[in-house]
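So the structure is just underneath, and the comments pick up after that.
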Number of protein chains: 2
Amino acid sequence: MRYCPRPHALDPARRAAKVPRQAPAAGGWGSLPPAKLHFGPFTGIFRGMPTDQVTLDATDWAIIEELQRDARLPLTELGRRINLSASATTERLRRLEAAGVVTGYHAFIDPAKVGLPVLAVIRLKFPGSRHERLHDLLAQRREIIECLRVTGDDCYVIRAAASSMAHLERVVDELAALGSTTTSVVYGAPMPYRGVCGP
Amino acid sequence: MRYCPRPHALDPARRAAKVPRQAPAAGGWGSLPPAKLHFGPFTGIFRGMPTDQVTLDATDWAIIEELQRDARLPLTELGRRINLSASATTERLRRLEAAGVVTGYHAFIDPAKVGLPVLAVIRLKFPGSRHERLHDLLAQRREIIECLRVTGDDCYVIRAAASSMAHLERVVDELAALGSTTTSVVYGAPMPYRGVCGP
DNA sequence: AATGAAAGAAACCCAAC
DNA sequence: GTTGGGTTTCTTTCATT
């Protein structure tokens with residue numbers, strides 16, 4: 001097998017080698033493992049059913065907090081910060097990845113900088129159960145960057161990033177064909193996403 | 001200076017050392033402070049006013065897409081995938097970081113795995129302008145993992161991760177002291193967060 | 001801007017403690 | 001968990017184009 005540089009357990013190539021049976025890919029981060037329930041940075045990444053809780057000690061939490069802050073931290077430096085040898089740090093992290101505690105490492109992009117300055121939270125209320133059509137739309141419209149199914153009056157909470165209000169309008173119109181929408185444009189974040197933290 | 005392993009431009013130590021003077025924010029917002037506007041994975045990380053757009057070519061987008069998928073990808077492997085030498089790839093990425101296109105690299109954690117299986121979207125409606133009290137609460141309650149200010153009936157859209165419904169209730173009660181809340185518990189994500197993509 | 005070479009550092013594996 | 005050795009790969013710098 002080809003040597004995979006800095007090959008964390010979540011690396012697609014490595015996962016393929018180590019996790020023989022992939023569940024059918026269902027949207028979202030292509031590289032993420034199947035059947036995870038995550039509520040990752042910022043909002044949530046739910047996928048499928050919740051899984052069992054993992055017992056973590058203070059060192060595990062230190063690893064989690066460092067990597068939530070900077071996912072590109074080298075393992076040697078991470079080890080230094082948590083007062084653990086590189087080997088032990090690597091093994092801890094490997095276990096956290098294998099247990100599904102760490103679900104991925106992702107770069108964050110400023111949408112405004114790349115031409116998507118209009119961000120919105122769109123709530124969608126369904127009359128019946130045309131969920132398939134929504135799923136199709138989610139897959140196609142890349143302006144939709146997240147969709148959560150929730151309790152309450154609204155069935156779904158959707159996030160979208162658009163290049164203009166006119167662009168957002170087109171996205172909302174497509175959603176409005178499926179159910180009734182309530183759209184809120186985002187001014188800013190008094191509290192931008194921060195990762196989870198220990199007890 | 002101490003060698004900094006894999007020291008990307010966003011590394012705190014390196015940022016201080018290498019980016020002496022930020023160019024004054026030019027463009028549409030006049031004298032307003034040059035802040036970050038990100039709508040990162042899952043929800044968005046807005047902070048302050050939007051900044052200027054950056055012109056990106058197909059190679060830049062390839063870098064962005066790869067690192068959104070796996071932030072721990074080595075630069076050599078990234079270069080291989082986009083058909084560029086490691087040096088050129090590094091320089092491209094350095095520019096993207098310096099321009100504020102890439103705002104960070106973050107590990108995603110499965111909240112259910114670490115004892116926070118209850119995720120909720122809480123909308124908060126303010127009667128007046130007791131924003132300071134909200135900001136204090138946001139800073140203190142680590143269950144609140146994001147807060148967006150939005151247009152519409154509700155002033156804020158808040159995300160929270162709690163260990164139980166009783167735990168969530170306590171968080172909601174604290175918010176309800178400031179304004180009227182509407183809470184939706186998250187079932188799952190038909191479309192978990194996926195990063196932005198090019199045109 | 002991209003390339004290629006070279007030095008130092010990091011990732012990895014493994015054995016021993 | 002730690003240490004240390006040995007190997008491969010990665011990061012960074014710099015000269016070159």
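The analysis underlying the following values was restricted to heavy atoms, covering all of them including side chains, and did not include hydrogens, waters or symmetry mates. Model, not experiment: these values are computed from the prediction. Every chain is numbered from 1, with letters handed out A, B, ... down the list of sequences.
For A/S85, whose side chain is taken as the heavy atoms from C-beta onward, the closest listed nucleotide among D/dT2, C/dA2, C/dA5 is D/dT2. With distances taken from any side-chain atom of B/R92 to the nucleotides D/dT2, C/dA1, C/dA10, the minimum falls on C/dA1. Set against D/dT2, C/dA10, C/dA2, the side chain of B/L84 has C/dA2 as its closest nucleotide. If you check C/dC12, D/dT11, C/dA10 against the side chain of A/P74, the one that comes closest is C/dA10. Checking D/dT11, C/dA11, C/dA2 against the side-chain heavy atoms of A/R72 singles out D/dT11 as nearest. Of the candidate nucleotides C/dA1, D/dT11, C/dA11, D/dT11 has the atom nearest to the side chain of B/L75.
Rounded to whole Å, the distance from CZ on A/R94 to P on C/dA11 is 16 Å. Regarding B/D60, its CG atom lies at a distance of 12 Å from the C1' atom of C/dA1, rounded to whole Å. The distance between atom CD of B/E77 and atom P of D/dT8, rounded to the nearest whole Å, is 19 Å. Distance B/L56 CG to C/dA1 P: 12 Å, rounded to the nearest Å. To the nearest angstrom, P of C/dA10 lies 19 Å from CG of B/L73. For the pair B/L96 CG and C/dA1 P, the interatomic distance rounds to 11 Å; values are reported in whole Å. The distance from atom CZ of A/R80 to atom P of D/dT2 is 14 Å, rounded to the nearest whole Å.
Distance CZ/B/R92 to CD1/B/I64: 10.5 Å, rounded to 0.5 Å.
For B/Y105 and A/H106, the ring centers sit 6.0 Å or farther from each other.
Checked for salt-bridge contact, B/R170 and B/E174 miss the test: no charged N lies under 4.0 Å from a carboxylate O. In summary, B/D154 and A/R123 engage in a salt bridge, as defined by a charged side-chain N under 4.0 Å from a carboxylate O.
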If you apply the rule side chain to side chain contact (heavy atoms under 4.5 Å, CB included), what do you find for B/Y193 with B/Q68, and how did you get there?
CA-CA 11 Å; B/Y193 176 80; B/Q68 283 188 118; 4.2 Å; yes
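Proximity of B/R95 to the phosphate of C/dA1: a side-chain N or O atom is located under 4.0 Å from OP1 or OP2. Dashed line: the shortest gap from a side-chain N or O of A/S87 to OP1 or OP2 of C/dC13 is not under 4.0 Å.
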